[in-house]
Protein chains: 2
Amino acid sequence: MAKGEYLGEFEQIVLLALLRLGAEAYGLRVRQEIAERTGRDVAIGAVYATLDRLENKGYVTSRVSEPTPERGGRAKRYFEVIAEGRRALAEAQHSLAQMREGLTESWRMS
Amino acid sequence: MAKGEYLGEFEQIVLLALLRLGAEAYGLRVRQEIAERTGRDVAIGAVYATLDRLENKGYVTSRVSEPTPERGGRAKRYFEVIAEGRRALAEAQHSLAQMREGLTESWRMS
DNA sequence: CCATCGACTTCTACAAAGTAGAACAAATGG
DNA sequence: CCATTTGTTCTACTTTGTAGAAGTCGATGG
C-alpha cells in the first residue's frame, strides 16, 4: 500500500499510549502508562526521542502548558495524535492483523 | 517483564509469516507472503537480514534442503520458529494488545 | 532568600533494526 | 553452452530504539 514509511513497534506503542491518555499525554506520563500496561520499563530518553520523531513525521503535535502550582509542577509538554498519525497507526495494526489472520493462537506457548 | 530484548515490528511480521508458511517457509516465499497479505513490498535483503537476526537470537532455526528438479530449483534455506521465538512473539503481541485494550477502534480514520 | 527537592524535559552517544539493490550461485531448457 | 529462473549473500547506509546524565524551573523548608 503505502510505499515509504512504516511505524516501528515502539512508535506504535507510544502512539497507543497517547490515544489512551488523551489530555494527560505528556512524556513522563506516557512512560508510566507503558510500564503499567506492558511491564516494559523503558528509559525516559527513549520515550522523548520517539515522541520527537513522531512529531517530525507529522503524526503528532505538541504544546507546552502553563506550570501548575505543585511541588515540581513545571510546564509539561502535551502531545496529541493527529489524523495522519491515526492513519499510520491503523495501517500498521492492520498489517499485523492480516499476518495473524487465521493463525490459531496455538502458537502461543503451550 | 523481560528486560532485554524486544522484537521489532518487521521481526514480528516475519515470524508470523514463518508460522503461516510452515513447511514452505524460505526467504523468497516469506517475502511473497508478506507482500500478498500486507501489500508491503519489502526488499529481499530486508527479509534475509531479519531472518539472520532472528536465528542469531535463537528464535528460529534453518536448514538447507536438497535442490528440486525444476527450472531454477536450487536448494532452499528453510526456517522454523522454535519455542523461544513463539514466546517472544506472543509477548510482543501481548504488549500491543494490552496497549490497545479498551481503546475503541474509533481512532481509526473516520 | 537560598539550598534542596521533585516533576519534567533535553542532550549526547551508541546499539539494534530496517532498507535497497547489486552480486553471486545453482539448476533447467533449449 | 548460455540464457533464464529461483534463490541466497553481500555491502552500504538510514531509521529506530536504548540509556542515563544533565539541565530547568516551580515549590518548600529553614
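Worth saying up front: this structure is predicted, and the values here are computed from it rather than measured. Below, chains carry the letters A, B, ... as their sequence lines are ordered, and counting in each starts from 1.
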Confirm from the modelled atom types if [X] and [N] form a donor-acceptor pair under 3.5 Å, side chain to base only.
X       : N      : answer
B:Arg74 : D:dT6  : no
A:Arg53 : D:dG17 : yes
B:Arg31 : D:dG7  : no

Quick one, B:Arg31 and B:Asp41 - any side-chain contact, counting heavy atoms below 4.5 Å?
yes
Do B:Glu24 and B:Tyr26 have side chains that approach each other closer than 4.5 Å (heavy atoms only, starting at C-beta)?
yes
Which one, [options], comes nearest to the side chain of [X]?
X       : options                : answer
B:Glu11 : C:dC8, D:dG17, C:dA17  : C:dA17
B:Ile44 : D:dT24, C:dG21, C:dA25 : C:dG21
B:Ala43 : C:dG18, D:dT6, C:dA20  : C:dA20
B:Ala49 : C:dT19, D:dT16, D:dT18 : C:dT19
A:Phe10 : D:dT18, C:dC8, D:dG7   : D:dT18

Atom [atom1] of [X] and atom [atom2] of [N]: how far apart are they, to the nearest Å?
X       : N      : atom1 : atom2 : answer
A:Lys76 : D:dG26 : NZ    : C1'   : 11 Å
B:Arg71 : D:dA3  : CZ    : C1'   : 7 Å
A:Leu15 : D:dT16 : CG    : C1'   : 13 Å
B:Gln12 : D:dG17 : CD    : P     : 11 Å
B:Asn56 : C:dA15 : CG    : C1'   : 15 Å
B:Glu70 : C:dG29 : CD    : P     : 10 Å
B:Tyr26 : D:dT9  : OH    : P     : 14 Å
B:Asp52 : D:dC10 : CG    : P     : 9 Å

Would you tell me if any nitrogen or oxygen in the side chain of [X] comes within less than 4.0 Å of OP1 or OP2 on [N]?
X       : N      : value
B:Tyr6  : D:dG17 : no
B:Arg77 : D:dT9  : yes
B:Lys57 : C:dA17 : yes

Between B:Gly73 and B:Val64, just flag the one whose closest nucleotide in DNA chain D comes earlier from the 5' side.
B:Gly73
What I want to check is whether the side chains of B:Gln98 and A:Thr38 have a donor and an acceptor closer together than 3.5 Å.
no
Have a look at A:Gly45 and say if it touches a base, only the backbone sugar-phosphate, or nothing, with a 4.0 Å heavy-atom cut-off.
base
Using side chain to side chain contact (heavy atoms under 4.5 Å, CB included), reason through B:Tyr6 and B:Glu11 one step at a time and then give a plain yes or no.
CA-CA 10 Å; B:Tyr6 300 111; B:Glu11 289 180 317; over 6 Å; no
Does B:Leu96 form a side chain to side chain contact (heavy atoms under 4.5 Å, CB included) with A:Ile13? I'd like the steps, not just the answer.
CA-CA 7 Å; B:Leu96 279 168; A:Ile13 287 183; 3.9 Å; yes
Closer to the 5' end of DNA chain C via nearest nucleotide, is it B:Val42 or A:Tyr78?
A:Tyr78
Hey, what do you get for CD (B:Glu36) to CE (A:Met99), rounding to the nearest 0.5 Å?
10.0 Å
